[in-house]
Protein chains: 2
Amino acid sequence: MTEAVGLAPVGRDTVQDRVYSELRRALIGGLFSPGQVLTIRQLADALLTSTMPVREALGRLITEQALEILPNRQIRVPPVTLARIEDLLRARILIEGEAMALAAARMTPRHIASLRAILLDWEEMRGTQVDREVTLNHAFHFEIYRACGSTVLIPMIESLWLQSGPLTRAAIYAFSEAGANDAARFHHDILQALQAGDAATARAALVADISRPFAYLKDKLGADAAEKETP
Amino acid sequence: MTEAVGLAPVGRDTVQDRVYSELRRALIGGLFSPGQVLTIRQLADALLTSTMPVREALGRLITEQALEILPNRQIRVPPVTLARIEDLLRARILIEGEAMALAAARMTPRHIASLRAILLDWEEMRGTQVDREVTLNHAFHFEIYRACGSTVLIPMIESLWLQSGPLTRAAIYAFSEAGANDAARFHHDILQALQAGDAATARAALVADISRPFAYLKDKLGADAAEKETP
DNA sequence: GCCCTTGATCTGTGATCACACTTGATTTGA
DNA sequence: TCAAATCAAGTGTGATCACAGATCAAGGGC
């Protein structure tokens with residue numbers, strides 16, 4: 001066989017893969033509400049395909065805990081509870097913190113430049129487009145995680161993002177409207193620490209970054225419960 | 001509706017679920033070799049069903065990284081590499097260690113008794129039935145992990161076991177034949193530490209327990225490579 | 001003799017249909 | 001009037017068929 005230089009393998013993508021990616025994007029972006037029920041046929045109609053790719057994509061999302069299946073066989077995005085919030089936050093601090101620490105030791109100038117570029121893009125359009133903001137936040141974090149060199153941790157982190165997406169939806173919009181977005185500061189802290197190869201500081205900044213929307217969510221949930229008690 | 005007392009919900013299980021469970025059992029038990037190629041129709045024939053439940057079960061296992069899909073769309077169990085061994089071991093120490101520490105703080109006498117019973121069963125038939133041994137080892141660990149109170153960590157640990165199953169296959173049989181099975185000692189250490197509520201010691205004993213087969217595997221892989229160099 | 005082409009076979013993928021079950025509104029009964 | 005029974009629409013699940021791509025062996029050309 002002749003050596004084809006410089007050509008990346010193309011790899012046909014199936015309909016199922018596209019459906020899966022689309023649902024993932026929607027989940028992480030908070031387009032689905034906690035507790036919302038999804039049906040295969042309805043999604044198939046919306047995505048202009050048959051039920052087959054959709055049901056396989058949903059099955060995959062269910063095993064990732066991104067969706068849950070009720071005894072009635074109904075499929076829904078898991079509702080928000082205080083226990084789930086704390087559980088997810090703890091897991092994310094544990095695993096993403098470790099990935100961040102690992103990445104700190106393997107940073108190249110190329111990575112740093114790429115991160116800086118994402119941060120620049122992000123600052124340019126702060127507050128204008130929420131979904132674009134979500135995309136850039138995702139890109140920033142996973143550019144780092146991919147550098148950690150672990151093919152085991154990364155899919156787990158993706159699963160965690162999938163699970164927290166619907167929960168942090170409320171927080172995303174609240175922060176975006178308030179404009180008081182100190183995510184930029186945390187991201188700069190992370191970048192600076194990574195540049196210095198300081199794993200501990202990078203991890204601490206990440207924990208702060210992750211914790212913020214969850215803390216907001218916990219407050220909001222407590223306030224809602226109190227309001228319900230005394231209407 | 002009248003209140004039906006004392007009846008547990010039955011919850012119909014689908015063919016897909018049975019196929020999925022069966023494949024999981026086989027994977028964790030090391031019945032499949034690293035690198036082995038699986039085909040949908042062949043598995044469907046072996047399991048006496050159609051291709052439909054099998055392909056959905058395989059899809060789920062692929063998203064869990066328990067199986068991988070090649071650019072040719074072939075499905076196989078991931079081959080063993082040194083990097084993968086170290087990657088998996090690190091992740092298991094991180095996540096299972098955390099679950100163990102959490103469980104140490106939530107142990108009830110009921111849990112302790114259950115663990116002791118499993119350990120007793122295990123000692124009774126040490127070395128006689130390999131697959132029974134695998135089952136009891138699985139039961140022991142997950143009895144603990146279930147007690148950690150995290151619905152997020154447990155599926156991740158299951159995914160990790162699914163991924164390490166085929167790798168540790170060699171180690172399982174080697175230890176079983178050698179009879180020099182000090183897993184019993186580690187398990188006793190874990191139980192004792194849990195009883196005392198000593199999270200740090202429990203975690204350390206777990207790390208020793210997990211690391212053992214991986215260390216054996218690394219040695220074996222190195223020896224095989226050296227043997228190949230000088231035939 | 002060696003390499004390329006061709007062919008049959010097997011693979012995963014997608015679409016469609018049949019079925020059992022759930023669910024919600026309607027109708028029937030007292 | 002209210003509750004129970006009934007019917008119809010909609011759900012996920014499984015089986016079957018059609019199809020494009022991959023694989024590998026035998027055949028044909030240089």
Side-chain angles (χ1 to χ4, degrees), chain A residues 1-4 7-24 27 32-33 35-79, chain B residues 1-4 7-24 27 32-33 35-79:
Chain A
M1 192 205 294
T2 65
E3 182 73 15
L7 288 180
V10 48
R12 58 168 174 169
D13 68 333
T14 63
V15 178
Q16 177 189 158
D17 291 338
R18 276 199 295 277
V19 170
Y20 178 68
S21 299
E22 193 60 19
L23 292 179
R24 278 177 61 103
L27 240 14
F32 294 139
S33 316
Q36 181 175 350
V37 174
L38 304 179
T39 70
I40 294 178
R41 285 175 175 86
Q42 150 200 335
L43 287 174
D45 287 349
L47 295 166
L48 293 175
T49 62
S50 79
T51 62
M52 184 63 55
V54 175
R55 62 196 269 192
E56 305 210 326
L58 288 183
R60 290 168 69 179
L61 290 169
I62 289 169
T63 67
E64 292 184 280
Q65 314 282 323
L67 299 175
E68 70 178 12
I69 183 163
L70 303 179
N72 331 336
R73 296 275 137 188
Q74 265 194 346
I75 299 165
R76 71 170 177 188
V77 13
Chain B
M1 192 207 289
T2 64
E3 182 72 16
L7 288 180
V10 49
R12 57 171 173 165
D13 68 332
T14 63
V15 177
Q16 177 189 158
D17 290 339
R18 276 198 296 276
V19 171
Y20 178 67
S21 299
E22 194 60 19
L23 292 180
R24 278 176 61 103
L27 240 16
F32 295 140
S33 316
Q36 181 173 350
V37 174
L38 304 179
T39 69
I40 294 179
R41 286 176 174 88
Q42 151 199 338
L43 287 174
D45 288 348
L47 295 167
L48 294 175
T49 62
S50 79
T51 64
M52 184 63 55
V54 175
R55 63 197 267 191
E56 306 211 323
L58 287 183
R60 291 168 68 179
L61 289 169
I62 289 169
T63 66
E64 293 184 279
Q65 314 282 321
L67 298 175
E68 70 178 11
I69 182 164
L70 304 179
N72 331 338
R73 295 274 137 188
Q74 266 194 347
I75 298 165
R76 71 170 178 187
V77 11

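Because the structure is a prediction, the values reported are computed rather than measured. By convention in this document, chain letters (A, B, ...) are assigned in the order of the sequence lines, proteins followed by strands, and residues within each chain are numbered from 1.
As rounded to whole Å, 16 Å separates atom C1' of C:dT11 from atom CZ of B:R76. Look at CG on B:L38: it is 18 Å from P on C:dC10, rounded to the nearest Å. Rounded to an integer number of Å, the gap from CZ of A:R60 to P of C:dG12 is 15 Å. Regarding B:L43, its CG atom lies at a distance of 9 Å from the P atom of C:dG12, rounded to whole Å. Note: CD (A:Q42) to P (D:dG12) measures 9 Å, nearest angstrom. Atom CD in B:E56 sits roughly 10 Å away from atom C1' in D:dG12 (whole-Å rounding). Residue B:Q16 contributes atom CD, which lies 19 Å from atom P of D:dT11 at whole-angstrom precision. We find that CD1 of B:I69 is positioned 10 Å from C1' of C:dT13, with the value rounded to whole Å.
For the OP1/OP2 pair of D:dG21 and a distance below 4.0 Å, the side-chain nitrogens and oxygens of B:R73 include no atom meeting the criterion. Between A:R41 and the phosphate of D:dG10, there is no side-chain N or O to OP1/OP2 separation shorter than 4.0 Å. Dashed line: the shortest gap from a side-chain N or O of B:Q74 to OP1 or OP2 of D:dA22 is not under 4.0 Å. Distances shorter than 4.0 Å separate none of the side-chain N or O atoms of B:N72 from OP1 or OP2 on C:dT11.
In terms of position on DNA chain C, the residue among A:P53 and B:T39 whose nearest nucleotide sits closer to the 5' end is B:T39. Heavy-atom nearest nucleotides on DNA chain C were determined for B:I40 and for A:S50, and the one closer to the 5' end corresponds to B:I40.
With hydrogens and angles left out, the side chain of A:R55 and the base of C:dG14 share no donor-acceptor pair within 3.5 Å.
Ion pairing between a basic and an acidic side chain is recognised when a charged N comes within 4.0 Å of a carboxylate O; A:R60 and A:D17 show such pairing.
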Step by step, would you call B:L47 with B:E22 a side-chain contact (heavy atoms from CB on, under 4.5 Å)? CA-CA 9 Å; B:L47 295 167; B:E22 194 60 19; 3.9 Å; yes
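For the pair A:R55/B:M52, a side-chain contact is recorded, criterion being any heavy-atom separation below 4.5 Å from C-beta on. B:I62 is not listed as a side-chain neighbour of B:E68, based on a closest heavy-atom distance of 4.5 Å or more. The shortest distance between side-chain heavy atoms of B:I69 and B:L58 does not fall below 4.5 Å.
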